[in-house]
**Q** 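Right, I'll just put the structure down here and ask away after.
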Amino acid sequence: MSVLDELAWRGLLQDATEGAAEHLAQEPRGVYIGFDPTADSLHVGSLLPIMLLVHLQRAGHHPIALVGGATGLIGDPSGKSAERPLLTREGMEANARGIRAQLEHFLDFEAAPNPARMRNNLDWLGRTNVLDFLRDIGKHFSVNAMLRKESVRRRVESDEQGISFTEFSYQLLQAADFLHLFRDDGCSVQMGGSDQWGNITAGVDLVRRVTGGHAFGAVAPLITTSSGTKFGKTEEGTIWLDPRRTSPYRFYQFWINVPDADVGDYLRFFTLLDRPEIEALDAATEAEPHRRAAQKALAEDVTRRVHGDPGLARAQQATAALFGGSLEGLDAAEIGDIFADVPSSTVARTDLEGEGVALLDLLADTGLCSSKGDARRSVEGGGIYLNGERATDTAARVGGSLFIEGRYLVLRKGKKSYHLVEAAGS
RNA sequence: GGUAGGGUACCGAAGCGGUCAAACGGGGCAGACUGUAAAUCUGCUGGCUCAAGCCUUCGAAGGUUCGAAUCCUUCCCCUACCA
């Protein structure tokens, strides 16, 4: 089975240029995908292109992760909301290092015949001057053709949203990248999300015009959620791969909470489980949905790859304690351990003496509720739990005696929001 | 630069001198039902004390008025058409 067939059954292949399958089937090829270094961490949305590279490397091809240092310095103009703050060169380089570290969880940069490589387009685009660029690259583009590109045409014809020159010329930069990698890195295939299709084919065309060589492109569909929300965002924000931004526990929970309707797709997208395994999990979801076997397999697989076995173990431990049953029987040390990844805050022990602090203040201070009014409403609505017991009294006060072994208090709002309060000070 | 229409809470969108903390929809949160899913139903959704009170909000700053999101002035910003 060729690698494109593999991608196809997983639903990772939306479109490919003519001959791409044969090209990849013949011999190992260099294949690249671009990543934006706009933050020092990738997020789960980047997982899809990463998985494309993973599959390609497994199939013996040479994966190249291209960091868009140059394009990142300019700022991706698409999307009309707010100009992106310009990155400094140092910031961009730091981001690139962070991204590299994360890619190492997925790609093997040491593999003997076909190590993964990383490139930064600032290395060549940053040295190009305008006149050379216009002569060497711009000359090969027909504005007529550029205007016909779907993404451009929609904007040109739109009354609400025009298109700036910068954005219009973006496809030239990306095409120039492809040309450079084609010549200097022996890279003949570019992949990406389907929104990149126009840019990729622009690169394919450029390579042919300049070198007479033949390059190829293939794109994955955009990830959708059954509820129509943006994949990878939760109320708490983006799900990042960096444990300092998104704890392994939260990361694990993100996957556990995937709706039944999506879990089959995600298993195909984000894990390397083979077809029979996934189909078995599909069947399990169908037959006994309450077991959540597919969600667990998904969460386990992805969390392990991103955070390693220790991270997965911590996440599962915390999950078992929180959702598996009560906190009874756990001692303070275990609780502290389990909740290492859960949001927490400290309260001075002296404040807990006597009457203690008002529950509503505590809820507002910890951020579990956005204000005292919100806290009050939550308690009145029965959505607040202290150490697993529903709080019913809005006037309740929290004293030291409620703390497990005098150290920890577990606050919970609703079913899934936990907050650990630690008593501090002597 | 001209003309017209706009800027209202997280978003969309009513309101157009008092009864407006501001209709309605979406989103969000909680409850019920469940399976840490979806759908559905119910409640809540500016802040502070919460009861009946107070404070801050309707682009910004001033003004008129007993009283303004609503009227006036100036300014800023959007959108369309024209130049």
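Heavy-atom basis, side chains included; hydrogens, waters and symmetry copies ignored. Labels below follow one simple rule: chain letters A, B, ... track the order of the sequence lines, proteins then strands, and each chain is numbered from 1.
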**Q** With a sphere of 6.0 Å drawn around CZ of Arg135(A), does it hold more than 12 non-hydrogen atoms of other residues, nucleotides or ligands?
**A**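 Open: at most 12 neighbouring heavy atoms sit under 6.0 Å from CZ of Arg135(A).
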**Q** With both distances under 3.5 angstrom, what nucleotide forms a Watson-Crick or G-U wobble pair with rC16(B)?
**A**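 None - no nucleotide pairs with rC16(B), as no candidate has both distances under 3.5 Å.
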**Q** Could you measure between the two C1' atoms, the one in rU79(B) and the one in rG59(B), and give it in whole Å?
**A**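 15 Å, rounded to whole Å.
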**Q** Taking the six-membered ring of Phe109(A), is the NZ or CZ of Arg100(A) close enough (under 6.0 Å from the centre) and on axis enough (within 45°)?
**A**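 Yes, Arg100(A) and Phe109(A) form such a contact.
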**Q** I need the Leu420(A) CG to Arg407(A) CZ distance, nearest 0.5 Å.
**A**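 The distance works out to 9.5 Å.
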**Q** With C1' as the reference atom in both, quote the distance from rA9(B) to rA13(B) in angstrom, rounded to an integer.
**A**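 It works out to 12 Å between them.
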**Q** For rA30(B), which nucleotide in any strand shown is its Watson-Crick or wobble partner with both distances under 3.5 Å?
**A**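 With both distances under 3.5 Å, rA30(B) matches rU42(B).
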**Q** Considering every strand and a 4.0 Å limit on heavy-atom distances, what is the contact class for Arg412(A): base, sugar-phosphate, or nothing?
**A**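 If one applies the 4.0 Å heavy-atom cut-off, Arg412(A) turns out to touch nothing in the nucleic acid.
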**Q** Mind checking if Tyr385(A) touches a base, just sugar-phosphate, or nothing, with heavy atoms under 4.0 Å?
**A**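 The answer is sugar-phosphate, as Tyr385(A) gets under 4.0 Å only of primed atoms, P, OP1 or OP2.
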**Q** Do the side chains of Glu300(A) and Arg304(A) get close enough for a salt bridge, i.e. N-O under 4.0 angstrom?
**A**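 Answer for the salt bridge query: yes.
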**Q** Where along residues 374-384 of chain A does a heavy atom fall under 4.0 Å from RNA chain B?
**A**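 Contacting residues: Arg376(A), Arg377(A), Gly381(A), Gly382(A), Gly383(A).
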**Q** Is there a side-chain contact between Arg275(A) and Arg268(A) (heavy atoms, below 4.5 Å)?
**A**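 No - every pair of side-chain heavy atoms lies 4.5 Å or more apart.
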**Q** Please name the residue in the list Thr285(A), Asp260(A), Asn257(A), Asp262(A) that meets the side-chain hydrogen bond (donor to acceptor under 3.5 Å, both in side chains) test with Gln295(A).
**A**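 Between Gln295(A) and the candidates, side-chain hydrogen bond (donor to acceptor under 3.5 Å, both in side chains) is satisfied uniquely by Asp260(A).
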**Q** Does some side-chain heavy atom of Arg397(A) sit less than 4.5 Å from a side-chain heavy atom of Val357(A)?
**A**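 They are not in side-chain contact.
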**Q** How far does the C1' atom of rG6(B) sit from the matching atom of rC16(B), given to the nearest Å?
**A**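 Comparing C1' positions in rG6(B) and rC16(B) gives a spacing of 14 Å.
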**Q** Could you list by number each residue of residues 279-287 of chain A showing a heavy-atom separation from RNA chain B of less than 4.0 Å, or answer none if no residue does?
**A**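 Nucleic-acid contacts, sorted: none.
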**Q** Between Arg291(A) and Glu288(A), does any side-chain N to carboxylate O distance fall below 4.0 Å?
**A**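 Between Glu288(A) and Arg291(A) there is a salt bridge, with a charged N closer than 4.0 Å to a carboxylate O.
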**Q** What does rA80(B) pair with, Watson-Crick or G-U, if both distances are under 3.5 Å?
**A**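 Check on rA80(B): paired to rU3(B), both distances under 3.5 Å.
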**Q** How about Glu104(A): does its CD atom have over 12 heavy atoms from other parts shown lying under 6.0 Å from it?
**A**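 Yes, enclosed.
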**Q** Does a side-chain N-to-carboxylate-O contact under 4.0 Å join Arg245(A) and Asp40(A)?
**A**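 Answer for the salt bridge query: yes.
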**Q** Could you work out the separation of rC11(B) and rG47(B) based on their P atoms and round it to a whole Å?
**A**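 rC11(B) and rG47(B) have their P atoms separated by 15 Å.
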**Q** Using atom C1' of each nucleotide, how far apart are rU3(B) and rA21(B) to the nearest Å?
**A**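 Approximately 37 Å lies between the C1' atom of rU3(B) and that of rA21(B).
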**Q** Looking only at side-chain atoms of Lys416(A), point me to the closest of rU36(B), rA30(B), rA32(B).
**A**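 It is rU36(B).
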**Q** Closer than 4.0 Å, any side-chain N/O of Lys413(A) to the OP1 or OP2 of rG28(B)?
**A**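 No, Lys413(A) has no side-chain N/O under 4.0 Å of OP1/OP2 on rG28(B).
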**Q** Roughly how many Å apart are rC20(B) and rA68(B), using the P atom of each and rounding to a whole number?
**A**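 Here rA68(B) and rC20(B) have their P atoms 15 Å from each other.
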**Q** Which one is paired to rC75(B), where only Watson-Crick or G-U wobble pairs with both distances under 3.5 angstrom count?
**A**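 rG59(B) - that is the nucleotide pairing with rC75(B), both distances being under 3.5 Å.
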**Q** Heavy-atom nearest nucleotide on RNA chain B for Ile256(A) versus Arg390(A): which residue maps closer to 5'?
**A**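 Closest to the 5' end, via its nearest nucleotide, is Arg390(A).
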**Q** Please lay out, stage by stage, how Asp123(A) and Arg119(A) fare under the test salt bridge (Lys or Arg N to Asp or Glu O under 4.0 Å).
**A** CA-CA 8 Å; Asp123(A) 292 340; Arg119(A) 290 287 182 271; over 6 Å; no
**Q** Strictly by Watson-Crick or wobble contacts shorter than 3.5 Å, is anything paired with rG35(B), and which nucleotide is it?
**A**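 Pair assignment: rG35(B) / none.
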**Q** Between Trp240(A) and Phe251(A), does the ring centre distance come in under 6.0 Å?
**A**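 Here the rings of Phe251(A) and Trp240(A) have centres that are no less than 6.0 Å from each other.
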**Q** Scan residues 355-373 of chain A against RNA chain B and write down, sorted by residue number, each residue with any heavy atom closer than 4.0 Å; if none is found, say none.
**A**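 Those residues whose heavy atoms fall under 4.0 Å from RNA chain B, taken from residues 355-373 of chain A in numerical order, are Ser371(A), Lys372(A), Gly373(A).
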**Q** With rounding to the closest Å, how many angstrom separate the P atoms on rG62(B) and rA83(B)?
**A**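 Between the two P atoms, the distance is 40 Å.
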**Q** Can you confirm whether the side chains of Gln253(A) and Thr319(A) place a donor and an acceptor under 3.5 Å from each other?
**A**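 Note: Gln253(A) and Thr319(A) side chains meet the donor-acceptor criterion.
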**Q** With C1' as the reference atom in both, quote the distance from rU64(B) to rC82(B) in angstrom, rounded to an integer.
**A**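 Per the computed distance, 36 Å lies between those C1' atoms.
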**Q** Is there a Watson-Crick or G-U wobble partner for rA52(B) with both distances under 3.5 Å, and if so, which one is it?
**A**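 When the pairing criteria are applied, nothing turns out to pair with rA52(B), so the answer is none.
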**Q** Rounded off to whole Å, could you give me the CG-to-C1' distance for the Asp260(A) and rA39(B) pair?
**A**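 Going from CG in Asp260(A) over to C1' in rA39(B) covers 12 Å.
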**Q** In whole angstroms, how far is the C1' atom of rG35(B) from the CZ atom of Arg292(A)?
**A**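 For the pair Arg292(A) CZ and rG35(B) C1', the rounded distance is 6 Å.
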**Q** Both distances below 3.5 Å, Watson-Crick or wobble geometry, any strand: find the nucleotide opposite rA69(B).
**A**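 Pair assignment: rA69(B) / none.
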